Amino acid sequence: MVGQVDFSKVALQLAQATLHQKVYDLLLNTVQQVVPCDASALLQFQGEQLKPLAIKGLMPDSLGRRFNISEHPRLEAICSAKQALQFAHDCPLPDPYDGLLLAKEGDIPVHACLGLPLLDGDLLLGVLTFDSLNASAFNNISSETLNKLQALCSAHFKIALQLAQYKHHAQQSTALVQELNREALTRDGGEIIGQSPAIQTLKNDIQLVAGSNFSVLILGETGVGKELVARNIHLHSARNDQPLIHLNCASLPENLAESEFFGHAKGAFTGAQNARQGKFQLADGGTIFLDEIGELPLAMQSKLLRVLQSGEIQTVGEDTLKYVDVRVVAATNRDLKKEVAQGRFRADLYHRLSVYPIKVPPLRKREHDVTLLAGYFIEQTARKLGIKQLKLSTEAQLLLNQYGWPGNVRELEHVISRSALKAMQSQWQNPIVTITREHCDLMPQIQQNVTTAEQNIVDYAANQSLKKTVESLQYNLITEQLKLHNYNWAAVARALDLDRANLVRLAKRLGINIKKTL
């Protein structure tokens with residue numbers, strides 16, 4: 001019975017969860033022992049938004065969403081409350097999780113909703129939300145039970161946040177950086193979203209190098225988010241209260257590049273009617289981000305090298321030298337080592353820039369991050385288009401995770417925007433707009449490669465027997481499906497329309513390592 005909760009046991013479980021790596025998930029699991037429900041979420045308060053830290057029973061993309069409090073009346077009411085707040089089952093206020101519950105398929109609205117504000121005195125730290133398709137699910141939970149649960153969760157959530165902050169900012173001024181990070185996270189596009197091992201490595205690299213004054217060279221394909229990495233390096237550095245100046249080297253006319261970098265005096269050249277500061281003067285004390293550094297003309301490369309070596313700059317049209325204190329962060333999608341070998345980029349400048357190189361992983365190597373990023377972009381797009389609730393169908397999520405994303409995160413953002421427009425047009429009368437597989441207009445990676453695979457088979461068959469050609473096709477198809485379905489043999493069998501036992505026997509005969517994948 002809910003009325004006989006052993007709170008000493010709950011407190012002990014919460015204390016153990018606070019010290020665990022998956023603190024937020026364990027906290028949610030513990031609380032659900034007291035408040036049984038179909039879905040729950042732990043959200044952190046960040047300025048004008050609530051950021052999900054852990055979810056249960058909700059669509060996976062919910063973890064990537066950021067809820068603007070003013071746009072969600074129920075969340076706004078919970079944030080304004082001082083104690084637990086239960087909504088009537090027929091409450092007309094829209095629920096932020098409508099259509100997102102895993103318990104039922106289809107757009108079935110939530111019937112029962114309960115919220116706990118997590119407080120430190122009068123300061124809001126976050127909220128716990130509980131939703132159920134059973135209209136009377138929370139009716140038997142007493143106010144005393146909810147008040148005790150709120151007090152316990154608030155205290156442990158505060159400790160968990162503090163421990164995370166201390167770990168995150170151990171080598172910096174904690175109070176200042178926490179505030180700056182909070183502001184950065186509430187700003188559109190300021191957060192690196194993802195939980196994959198590749199993105200965790202990237203975040204660790206950013207934390208490691210941000211506290212230094214080393215030059216950083218950010219490497220990665222087009223659309224992976226190199227500018228976002230540069231912004232985070234600056235935000236986590238000791239220069240974060242100074243300017244971050246962005247300069248795109250690819251857009252500079254060669255005859256004006258020097259002026260753009262170092263400024264010019266009045267009358268220095270035709271059209272210079274007024275003196276103008278360059279980007280390095282504007283960035284003095286802060287950081288300059290040189291995007292697409294591989295496009296910089298050779299003549300400018302030598303002048304940039306001088307700044308990196310000595311901090312000296314010379315304004316165009318002036319004889320005197322000036323000194324600036326600027327940290328340089330550069331980015332490129334080119335292979336600069338190859339550019340150096342071919343004489344298009346100075347070797348000395350390359351070594352000066354790449355004191356600490358950071359490789360941003362392509363989206364195809366960020367396992368499961370596609371779903372979180374999709375949730376983030378869906379929330380943004382819904383806000384821009386004025387859609388009350390926008391969601392992804394299960395089939396659409398599977399398609400997005402199967403696609404190869406040659407354009408990376410930027411392409412994903414554009415696909416979500418286009419798909420939302422198409423979905424809105426076809427479902428304009430629905431309060432909940434669902435992006436389906438058809439709206440995405442994408443082909444999974446395995447289908448994208450069909451033409452190439454077919455040609456490979458033809459080439460292979462030209463010199464092989466029919467039996468070997470068929471076995472090669474079977475081997476490639478099975479191994480590709482195993483990767484696609486995370487080595488789940490049952491899922492692969494369904495995808496290939498085979499009996500699981502027959503599939504395993506065929507794989508064993510083809511030489512696929514069964515023990516390694518089972």
Side-chain angles (χ1 to χ4, degrees), residues 21-22 25 59-61 63 102 105 194-202 220-221 224 359-374 392-409 411-412 415 436-438 440-518:
Q21 187 177 2
K22 295 184 178 180
D25 292 313
M59 299 288 283
D61 65 85
L63 202 58
L102 293 175
E105 292 186 1
Q195 297 179 343
S196 63
I199 217 67
Q200 291 298 335
T201 298
L202 174 65
E221 299 174 8
V224 294
K359 178 73 174 178
V360 185
L363 187 53
R364 62 183 175 275
K365 293 186 178 180
R366 295 173 53 179
E367 187 179 3
H368 305 311
D369 282 352
V370 171
T371 301
L372 300 187
L373 286 164
L392 272 176
S393 70
T394 303
E395 294 77 13
Q397 287 190 40
L398 180 62
L399 176 63
L400 294 183
N401 281 282
Q402 290 175 341
Y403 183 63
W405 300 112
N408 293 294
V409 179
E411 183 184 7
L412 173 60
V415 165
T436 67
R437 186 185 185 96
E438 291 72 26
C440 296
D441 193 25
L442 294 173
M443 295 174 63
Q445 188 67 29
I446 190 169
Q447 293 179 359
Q448 285 183 304
N449 294 332
V450 164
T451 303
T452 304
E454 287 175 348
Q455 186 59 49
N456 290 340
I457 292 168
V458 172
D459 294 341
Y460 183 85
N463 299 306
Q464 299 292 334
S465 68
L466 178 61
K467 179 183 178 182
K468 287 189 175 182
T469 301
V470 171
E471 288 179 346
S472 176
L473 174 61
Q474 290 174 328
Y475 181 93
N476 291 333
L477 185 58
I478 292 173
T479 53
E480 182 68 29
Q481 285 290 329
L482 282 170
K483 293 176 184 177
L484 195 62
H485 291 89
N486 199 25
Y487 296 93
N488 184 317
W489 285 88
V492 173
R494 287 194 296 271
L496 297 177
D497 195 21
L498 290 172
D499 177 76
R500 184 181 183 278
N502 290 339
L503 173 64
V504 172
R505 281 194 292 271
L506 175 59
K508 188 180 296 183
R509 181 170 63 81
L510 293 171
I512 297 173
N513 192 333
I514 304 296
K515 292 182 179 179
K516 181 179 179 181
T517 55
L518 280 175

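Because the structure is predicted, anything quoted here is derived from the model rather than measured.
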Between [X] and [Y], what is the shortest heavy-atom contact and its length?
{"X": "L392", "Y": "A374", "result": "CD1-CB, 3.8 Å"}
{"X": "C440", "Y": "L399", "result": "CB-CD2, 3.9 Å"}
{"X": "W489", "Y": "A507", "result": "CH2-CB, 3.5 Å"}
{"X": "T436", "Y": "S393", "result": "CA-OG, 3.5 Å"}
{"X": "R500", "Y": "A493", "result": "CA-CB, 3.8 Å"}
{"X": "R437", "Y": "E395", "result": "NH1-O, 3.8 Å"}

[atom1]/[X] to [atom2]/[Y] distance, rounded to the nearest 0.5 angstrom?
{"X": "T394", "Y": "L102", "atom1": "OG1", "atom2": "CG", "result": "8.0 Å"}
{"X": "R505", "Y": "D499", "atom1": "CZ", "atom2": "CG", "result": "7.0 Å"}
{"X": "H368", "Y": "N401", "atom1": "NE2", "atom2": "CG", "result": "8.0 Å"}
{"X": "Q195", "Y": "L63", "atom1": "CD", "atom2": "CG", "result": "5.0 Å"}
{"X": "L503", "Y": "L496", "atom1": "CG", "atom2": "CG", "result": "6.5 Å"}
{"X": "N476", "Y": "Q481", "atom1": "CG", "atom2": "CD", "result": "12.0 Å"}

Any donor-acceptor pair under 3.5 Å linking the side chain of [X] with the backbone of [Y]?
{"X": "N488", "Y": "L482", "result": "no"}
{"X": "W405", "Y": "P362", "result": "no"}
{"X": "D61", "Y": "T371", "result": "no"}

Ionic contact status for R364 with E221, cut-off 4.0 Å: yes
Any side-chain heavy-atom pair of L373 and L363 under 4.5 Å: yes
